[in-house]
Amino acid sequence: MACTSTRPSPESPSDDVAATADTDLQVRLAALEDENRKLKRINAALIERVESSASRRDDSYAAFQHSVVLAEQVRERTDALNQAMAELKASNQLLSDARLRAETAHQHLIDGIESISDAFVLFDREHRIVLFNSRFKSFWAKTRARICAGTRLSEIRRLAESTGLIVEEHRSTLDDNILYRLHDGRWVQVSERPTREGGLVIVYTDITEVKQSETARREQALAQKSRLLQRAVDNLSQGVAMINADGTLELWNHRFLELCGLAPVEAHRAFSGVMADSELPLLTPDTRDANGRSIREMEHRLYNGRVLEVRTHPLPTGGFVNTFTDITERYRHAEALSESERWIRLITDHVPALIAYLSAELVYEFTNKVYEEWYRWPRGAMLGQRLRDVHSEEHWRRLEPYVERALAGESLSFEVAETNLNGQERFMLRSYVPNRLANGEVVGIFVLIRDITERRRTAEALHQAYQNLEQRVRERTTELTALNTQLRREIDERSQVELRLREAKSEAERANLSKTKFLAAVSHDLLQPLNAARLFTSALLEQRSQTCNLALVRNVSNSLEDVESLLGTLVDISKLDAGVIKPDIAPFVVSELLETLAAEYSQVAISEGLILHFVGSSAVVRSDLQLLARILRNLLSNAIRYTPNGRILLGCRRRRHSLAIEVWDTGVGIAHDKLGEIFQEFKRGDAPREKPDRGLGLGLAIVEKIARMLGHRIQVTSRLGIGSRFAVEVPLARCAPRQKMALDEPQAVLERLQGARVWVLDNDAAICAGMRTLLEGWGCRVTTALSEEDLARQVDSFHAEADLLIADYHLDNGCNGVDAVATINARRSAPLPALMITANYSNELKQQMRELGHTLMHKPVRPMKLKTAMSHLLGR
């Protein structure tokens with residue numbers, strides 16, 4: 001480092017310039033004075049000579065003229081001398097002004113370098129200090145070094161090293177700047193620039209805050225990368241464990257703990273100690289077998305039957321990474337393939353025909369035992385041999401045309417004479433069948449060779465006996481005619497029996513379909529009394545003044561809910577079987593559905609002593625919102641039903657083009673051999689429950705039918721005593737979803753219903769009475785009617801004041817609520833908002849309601865849903 005004083009040097013550049021100018025003026029003045037003295041002496045000599053020379057007048061006159069000329073020259077020289085003296089005086093004034101300006105500039109330079117925030121040092125061409133500021137001097141405050149003007153740069157660097165001022169030095173690769181870390185922890189950046197006179201300017205910039213900020217950013221980036229790495233590792237299907245050079249466990253994921261059967265471990269534990277608690281052996285890059293060879297991978301079968309593949313990968317910086325892969329399914333598939341190959345080999349070896357498979361290069365890839373024995377080859381020795389090498393040249397020439405046709409894609413059969421082990425000539429029927437890929441390319445030939453020698457000999461014997469055959473045929477013809485007549489009678493009888501069986505089967509199928517369609521058709525009639533009962537019980541529940549009957553009413557309401565659930569399930573099965581329900585596919589944000597289900601079933605889970613965890617998603621999917629909700633409700637209900645204690649998880653997992661909505665539980669689980677039965681109708685789990693279960697075993701059957709209708713795949717995995725996972729894959733949508741209707745606050749809903757004038761049109765008197773009781777309990781003014789004419793009489797032919805119209809879709813005498821709403825609004829100056837209630841789930845009706853702008857609600861009506869819909873319509 002370099003240092004300087006703020007006092008000006010006595011040999012500053014401005015002083016040198018002023019001294020030089022003064023010297024030049026003095027030299028010129030001295031020369032002019034000498035010349036003036038010479039002229040004066042010459043002038044005096046000439047005058048004296050003229051005066052002393054009186055003898056010659058002409059000469060005197062000439063001398064006088066000459067003296068006059070000399071006097072004129074003297075005068076001119078005197079004027080020049082005076083002018084030079086004036087110029088010298090002016091030069092002296094300019095020199096004084098220049099010296100003043102130089103001193104002012106020098107002071108400004110000193111003030112300027114003192115005002116900058118960096119340490120500044122100026123060196124001359126011999127690298128000695130000329131100027132420096134106080135910030136540079138402050139670097140040496142706590143050292144014994146004394147830095148002043150004239151100190152050389154090499155001496156400053158030596159002092160910086162000897163006094164311990166510099167602790168660490170770094171050179172930047174971008175701009176060749178040098179970085180120093182000082183003894184007090186500060187960082188200084190050194191910038192050097194040469195001057196025109198060959199000197200040097202050095203600036204020392206304090207970058208301590210920049211280095212600290214850079215260090216903090218680097219630490220934050222490293223922490224972020226560590227978190228991203230941990231998340232990436234946690235989402236791997238493999239178990240991963242990273243061990244440093246000291247054998248300490250640095251990084252792992254939950255899959256590693258799960259596969260190794262380990263409890264959560266603490267960081268920086270010895271890997272050998274961690275694996276000591278596992279059933280798996282310890283595998284490191286230093287592990288070797290009995291022959292001293294390095295083992296980098298191994299397979300291990302666990303006590304529960306699972307097979308794990310463990311691999312170790314050394315790291316270039318020391319340490320290693322172990323991966324743990326569950327290859328149970330692959331292992332089972334390999335065993336199944338091996339078993340299948342063994343059975344194929346066993347079957348083909350006992351078939352009395354020669355069987356082989358040739359690749360496109362005519363290399364044997366499969367031969368059975370009979371094939372190898374026929375051509376006298378050891379077991380398996382033909383594999384990998386070329387067809388041309390197996391047979392003689394003559395035999396190959398006979399086969400070559402047929403082989404070329406087979407490779408061209410033609411299936412063919414031909415006869416060839418060959419010699420067997422005993423030297424007997426046998427006739428062999430060869431069949432070549434090409435093996436084609438999906439694009440038509442032939443990649444091999446299936447070869448089937450059968451010995452037809454006996455058949456040929458039989459044919460020859462038949463040909464020899466042909467002469468006697470006609471007589472025998474005539475004799476047999478008479479017998480066969482009689483037998484044929486008898487067979488015809490038997491065939492006719494069998495045809496009649498088969499026809500009656502088909503009719504009986506068709507009748508049974510029609511009866512079953514009729515039953516299904518009947519249940520689907522009468523769903524409206526089945527749900528009507530339940531709907532009325534639900535309205536009455538809801539109205540009673542909201543009348544809190546009669547607290548003595550509240551428990552009784554709640555029991556009745558719960559019983560009605562059970563009956564409604566059972567009948568609704570049966571009706572849903574019937575509608576699905578009859579094809580009544582059609583999906584209404586549209587894009588929507590899956591959070592609209594999942595957040596509602598999570599809020600609803602969290603309370604149900606808490607009532608059962610369980611915990612429901614929910615992981616949301618912002619994905620947009622394409623499906624039927626109502627039908628998908630029915631699937632997830634059944635899966636959540638099933639999970640709660642078969643989980644005595646523990647927790648349930650509802651979440652999503654993104655696939656490439658779909659979203660898997662998953663329901664996990666820690667329940668009793670399902671046996672592997674029962675997974676195919678749980679989706680059958682009336683199949684229920686055998687797990688005991690504390691509370692009586694009124695289900696029919698149709699929940700998963702409905703899930704399977706709805707999923708098949710929507711084209712969604714259902715996945716299930718389970719382990720007895722551990723829990724189950726059900727997942728439904730829903731395709732992701734590419735277009736924007738429908739806008740979600742904003743929900744009103746409960747208090748705003750009640751305020752909006754107070755004093756509302758509501759017309760109710762339903763052909764069931766019980767429904768009308770229940771609706772009146774419920775709506776009046778909410779503060780509405782209700783008018784009920786059993787028909788359109790009845791309503792017209794009560795409300796002045798539909799001209800009375802009203803706010804909302806609630807109509808049943810199915811009315812008497814072939815009328816429907818849509819036509820009734822149209823008639824009523826046609827007679828009014830301002831149309832009424834309409835709420836249509838029905839048990840019809842058809843997409844045609846949904847589409848019609850959208851086009852007309854009516855709100856559709858399905859039976860049985862839930863009071864809270866009815867209250868929300870009415871508030872929304874009244875708010876419009």
Side-chain angles (χ1 to χ4, degrees), residues 1-27 91-92 94-172 174-183 186-207:
M1 297 180 62
C3 134
T4 183
S5 171
T6 58
R7 294 190 301 273
S9 173
E11 297 180 359
S12 62
S14 58
D15 293 342
D16 292 342
V17 173
T20 302
D22 193 8
T23 302
D24 291 341
L25 290 174
Q26 290 178 0
V27 169
S91 298
N92 287 333
L94 291 175
L95 181 61
S96 299
D97 294 342
R99 180 177 298 173
L100 180 61
R101 287 195 299 271
E103 291 177 354
T104 303
H106 185 265
Q107 185 62 39
H108 289 170
L109 175 62
I110 294 174
D111 295 341
I113 65 174
E114 189 66 32
S115 64
I116 62 176
S117 60
D118 300 330
F120 177 88
V121 186
L122 175 64
F123 294 89
D124 59 12
R125 66 180 60 188
E126 296 179 359
H127 287 185
R128 291 178 299 182
I129 291 180
V130 177
L131 292 173
F132 61 88
N133 62 1
S134 59
R135 286 173 180 77
F136 177 77
K137 190 175 182 180
S138 65
F139 288 155
W140 308 89
K142 296 183 179 180
T143 64
R144 296 181 178 180
R146 293 294 178 265
I147 305 300
C148 59
T151 306
R152 293 185 177 273
L153 178 61
S154 58
E155 179 66 16
I156 292 174
R157 290 173 177 169
R158 187 187 65 77
L159 289 174
E161 294 177 359
S162 62
T163 58
L165 178 65
I166 298 176
V167 179
E168 186 177 355
E169 177 180 347
H170 293 282
R171 184 172 294 275
S172 174
L174 298 178
D175 49 10
D176 293 333
N177 289 335
I178 302 175
L179 302 181
Y180 291 118
R181 184 164 66 89
L182 305 184
H183 63 86
R186 290 185 298 165
W187 283 87
V188 176
Q189 176 179 302
V190 181
S191 301
E192 298 181 359
R193 294 292 184 274
T195 63
R196 286 188 302 175
E197 291 79 12
L200 187 65
V201 174
I202 302 179
V203 177
Y204 299 86
T205 305
D206 191 336
I207 60 169

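Just so you know, these numbers use all the heavy atoms, side chains as well, and skip hydrogens, waters and symmetry mates.
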*Rounded to the nearest 0.5 Å, what separation is found between the CH2 atom of W187 and the OG1 atom of T205?*
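It comes to 14.5 Å.
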
*Report the distance from atom CG of L200 to atom CD of E192, rounding to the nearest 0.5 Å.*
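Rounded to the nearest 0.5 Å, the CG-CD separation comes out at 5.0 Å.
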
*Just jot down the side-chain contact (heavy atoms from CB on, under 4.5 Å) partners of R128, sequence neighbours excluded, or say none.*
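If we apply the side-chain contact (heavy atoms from CB on, under 4.5 Å) test to R128, skipping adjacent residues, the hits are D124, E126, R152.
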
_Between V201 and F120, is there a side-chain heavy-atom distance shorter than 4.5 Å?_
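Result yes, sub-4.5 Å side-chain heavy-atom pair found.
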
